[in-house]
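Scroll down for the structure; my scribbles are underneath it.
Chain A is the first sequence line, chain B the second, and so forth, proteins listed ahead of strands; every chain is numbered from 1.
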Number of protein chains: 2
Amino acid sequence: MEQRHAAVLKAAGMKATPKRLAILELLEAESGYASPEELWKTLKGRFDRLGLPTVYRNLEELSESGVLTKVIHPNRQLYYYFCSNPEHHHHFVCLSCRKVEDIPSCGIEALEREVSIRNGGKVLSHILQLNGLCGGCAKKGEKA
Amino acid sequence: MEQRHAAVLKAAGMKATPKRLAILELLEAESGYASPEELWKTLKGRFDRLGLPTVYRNLEELSESGVLTKVIHPNRQLYYYFCSNPEHHHHFVCLSCRKVEDIPSCGIEALEREVSIRNGGKVLSHILQLNGLCGGCAKKGEKA
DNA sequence: CCTCTAAATAGAAATGATTTCGTTTTAAAA
DNA sequence: TTTTAAAACGAAATCATTTCTATTTAGAGG
Ligand SMILES: [Mn+2]
Ligand SMILES: [Mn+2]
Ligand SMILES: [Zn+2]
Ligand SMILES: [Zn+2]
């Protein structure tokens with residue numbers, strides 16, 4: 001429902017433009033993640049004009065405001081996913097069909113087995129990375 | 001020791017060329033991760049000729065054979081890290097000074113606290129992503 | 001409803017990290 | 001040594017992503 005997305009945008013301090021609403025609707029309808037260009041190709045038919053930079057810009061802004069989630073992909077291109085789960089959780093992403101499934105807990109070894117068994121899928125690799133500042137740098141404030 | 005690296009390369013089925021050895025030595029000497037261009041700038045002075053594509057190629061090959069580890073960075077550029085720890089583990093990377101610290105276990109919540117307290121650092125964000133194939137796709141074999 | 005303005009968009013062009021490609025060099029097996 | 005598949009060169013291409021300036025618009029306020 002457009003109303004719901006408009007509220008989400010307002011809550012994020014963003015104007016509820018038709019293009020933003022269309023992006024959210026499309027991504028929510030998708031079962032998986034999508035690239036900026038893919039979304040653009042689908043959406044540009046629905047508008048007189050729609051620039052690819054606009055799609056990039058909005059996806060980035062929506063990601064920063066937490067409405068969308070970025071997917072880290074081996075091909076290092078950008079992909080976004082609409083996830084309405086407000087709880088802290090992680091994702092299992094399928095590299096083939098792009099489906100995204102929530103993973104509620106954070107124990108990796110156990111998780112891999114769980115995912116394999118529960119969904120019948122196969123975990124080929126996993127990424128766990130903590131980003132931040134080490135003790136020394138946290139004091140100075142960051143430099144680069 | 002060059003001998004040790006030569007053995008590592010041989011074990012990986014790669015020729016022990018001077019440039020590969022230099023890359024490994026430099027990365028091992030670094031306490032943190034480095035980009036292809038940074039390595040190239042440092043190393044090209046030590047050779048009559050050293051092409052940036054050669055550095056890229058070797059880093060990728062070394063990463064694929066498990067000798068080096070890729071770092072996932074918010075700026076989405078490539079960074080590599082030399083890690084000799086053969087055990088399964090993950091990394092805490094400092095976005096400021098690029099130091100990399102091993103993280104032996106896989107419980108994220110507990111880990112964030114642990115890292116913060118033990119090293120006095122600050123975890124700004126974390127990435128946990130399982131890559132693989134869902135049940136449906138694992139059967140068919142992958143498509144994209 | 002209008003007006004007004006900061007925010008959003010267009011679209012062409014630039015960017016720049018990464019890759020490609022055809023040629024030349026070299027590690028190391030025999 | 002000889003041989004050759006692998007490695008390196010480096011200029012050029014690629015292409016996803018970003019930048020830039022002019023134009024349009026959402027929505028607050030009247
Ligand atoms: Mn989710
Ligand atoms: Mn390590
Ligand atoms: Zn640091
Ligand atoms: Zn799948």
Side-chain angles (χ1 to χ4, degrees), chain A residues 2-3 5-24 26 33-65 67-68 70-80 144, chain B residues 2-3 5-24 26 33-65 67-68 70-80 144:
Chain A
E2 167 164 324
Q3 199 51 235
H5 288 153
V8 166
L9 289 172
K10 183 180 236 176
M14 301 170 73
K15 288 185 181 176
T17 69
K19 286 157 189 180
R20 282 177 179 161
L21 292 171
I23 288 173
L24 291 181
L26 180 53
Y33 56 88
S35 74
E37 185 156 12
E38 288 160 355
L39 293 169
W40 175 65
K41 281 178 179 163
T42 300
L43 290 176
K44 68 178 175 180
R46 306 186 194 171
F47 293 93
D48 287 2
R49 320 167 110 204
L50 173 61
L52 183 52
T54 293
V55 177
Y56 270 93
R57 191 185 333 106
N58 280 321
L59 289 171
E60 178 59 25
E61 289 166 357
L62 290 167
S63 168
E64 270 174 26
S65 64
V67 179
L68 297 180
K70 266 182 188 162
V71 170
I72 293 177
H73 197 278
N75 72 7
R76 311 197 319 104
Q77 292 184 198
L78 289 169
Y79 294 96
Y80 295 88
Chain B
E2 166 162 328
Q3 199 51 234
H5 289 154
V8 166
L9 289 172
K10 182 180 237 176
M14 300 169 73
K15 289 184 180 176
T17 70
K19 286 160 189 178
R20 283 176 178 164
L21 292 170
I23 288 173
L24 290 181
L26 181 53
Y33 56 86
S35 72
E37 184 156 12
E38 288 160 356
L39 293 169
W40 175 65
K41 280 178 178 164
T42 299
L43 290 176
K44 68 178 176 178
R46 304 185 194 170
F47 294 92
D48 289 1
R49 319 168 111 208
L50 173 61
L52 184 52
T54 293
V55 177
Y56 269 92
R57 190 184 335 105
N58 279 321
L59 289 171
E60 177 58 26
E61 289 166 356
L62 289 166
S63 167
E64 268 175 25
S65 64
V67 179
L68 297 180
K70 268 183 187 161
V71 170
I72 294 177
H73 198 279
N75 72 9
R76 310 196 320 106
Q77 290 182 202
L78 288 169
Y79 293 96
Y80 294 88

Quiz item: Is any side-chain heavy atom of B:Leu78 closer than 4.5 Å to a side-chain heavy atom of B:Glu60?
Solution: no

Quiz item: How large an angle, rounded to 10°, do the end axes of the helix from C:dC1-D:dG30 to C:dA30-D:dT1 enclose when each is built from five base pairs?
Solution: 50°

Quiz item: Under a 4.5 Å cut-off applied to non-hydrogen side-chain atoms, are A:Val67 and A:Leu24 in contact?
Solution: yes

Quiz item: Taking for each residue the nucleotide of DNA chain C with the nearest heavy atom, is it B:Leu78 or A:Gly51 whose nucleotide lies nearer the 5' end?
Solution: A:Gly51

Exercise. Nearest whole angstrom, please: distance from the P of C:dT9 to the CG of A:Leu59.
Key: 11 Å

Quiz item: For A:Pro53 and B:Ala16, take the nucleotide of DNA chain C holding the closest heavy atom to each; which residue's nucleotide lies nearer the 5' end?
Solution: A:Pro53

Quiz item: For C:dT19, does either OP1 or OP2 sit under 4.0 Å from a side-chain N or O belonging to B:Tyr56?
Solution: no

Quiz item: Does A:Asn58 put a side-chain nitrogen or oxygen below 4.0 Å from OP1 or OP2 of C:dT9?
Solution: yes

Quiz item: Counting just side-chain N and O atoms, does B:Arg76 come under 4.0 Å of either OP1 or OP2 of C:dA17?
Solution: no

Self-check item: Atom pair distance, as rounded to whole Å: CG in B:Leu52 and P in D:dA13
Solution: 17 Å

Quiz prompt | Atom-to-atom span, CH2 of B:Trp40 to C1' of C:dG16 - whole angstrom | solution = 13 Å

Exercise. Quickly work out the B:Glu37 CD to C:dA17 P distance and round it to whole Å.
Key: 6 Å

Exercise. Kindly say if A:Lys15 contacts the phosphate of D:dA28, meaning a side-chain N or O under 4.0 Å from OP1 or OP2.
Key: no

Exercise. Say whether, by atom type as modelled, one donor and one acceptor occur between the side chain of B:Ser65 and the main chain of B:Glu61 under 3.5 angstrom.
Key: yes

Quiz item: Can you check whether B:Leu43 reaches B:Lys19 side chain to side chain, under 4.5 Å on heavy atoms?
Solution: no

Quiz item: Could you give the distance from CG (A:Leu9) to CG (A:Asn58), rounded to the nearest 0.5 Å?
Solution: 9.0 Å

Exercise. Let me know, please, whether B:Glu61 or A:Met14 comes out on the 5' side of the other along DNA chain D by nearest nucleotide.
Key: B:Glu61

Quiz item: Heavy-atom distance under 4.5 Å between the side chains of A:Leu62 and A:Met14, does that happen here?
Solution: yes

Quiz prompt | Atom pair distance, as rounded to whole Å: CG in A:Leu21 and P in D:dT25 | solution = 16 Å

Quiz item: Any side-chain N or O of B:Arg49 under 4.0 Å from OP1/OP2 of D:dA8?
Solution: no

Quiz item: Once the angle between the rings of A:Tyr79 and A:His73 is folded into 0 to 90°, is it parallel (under 30°), tilted (30 to 60°) or perpendicular (over 60°)?
Solution: tilted

Quiz item: So, is B:Thr17 close to the D:dA8 phosphate, meaning a side-chain N or O under 4.0 Å from OP1 or OP2?
Solution: yes

Self-check item: Any A:Lys10 side-chain N or O less than 4.0 Å from OP1/OP2 of D:dA26
Solution: no

Exercise. In whole angstrom, give the distance that lies between atom OH of B:Tyr80 and atom P of C:dA17.
Key: 14 Å

Quiz item: Just how far, in rounded Å, is C1' of D:dC9 from CG of B:Asp48?
Solution: 13 Å

Quiz item: So, is A:Arg57 near the phosphate of C:dT9, with a side-chain N or O under 4.0 Å from OP1 or OP2?
Solution: yes

Quiz item: Can you tell me how far P of D:dC15 sits from CD of A:Gln77, to the nearest Å?
Solution: 10 Å

Quiz item: With a non-hydrogen cut-off below 4.0 angstrom, is A:Arg20 in contact with a base, only sugar-phosphate, or nothing?
Solution: sugar-phosphate

Quiz item: Are any of the side-chain heavy atoms of A:Leu26 and A:Thr42 separated by less than 4.5 Å?
Solution: yes

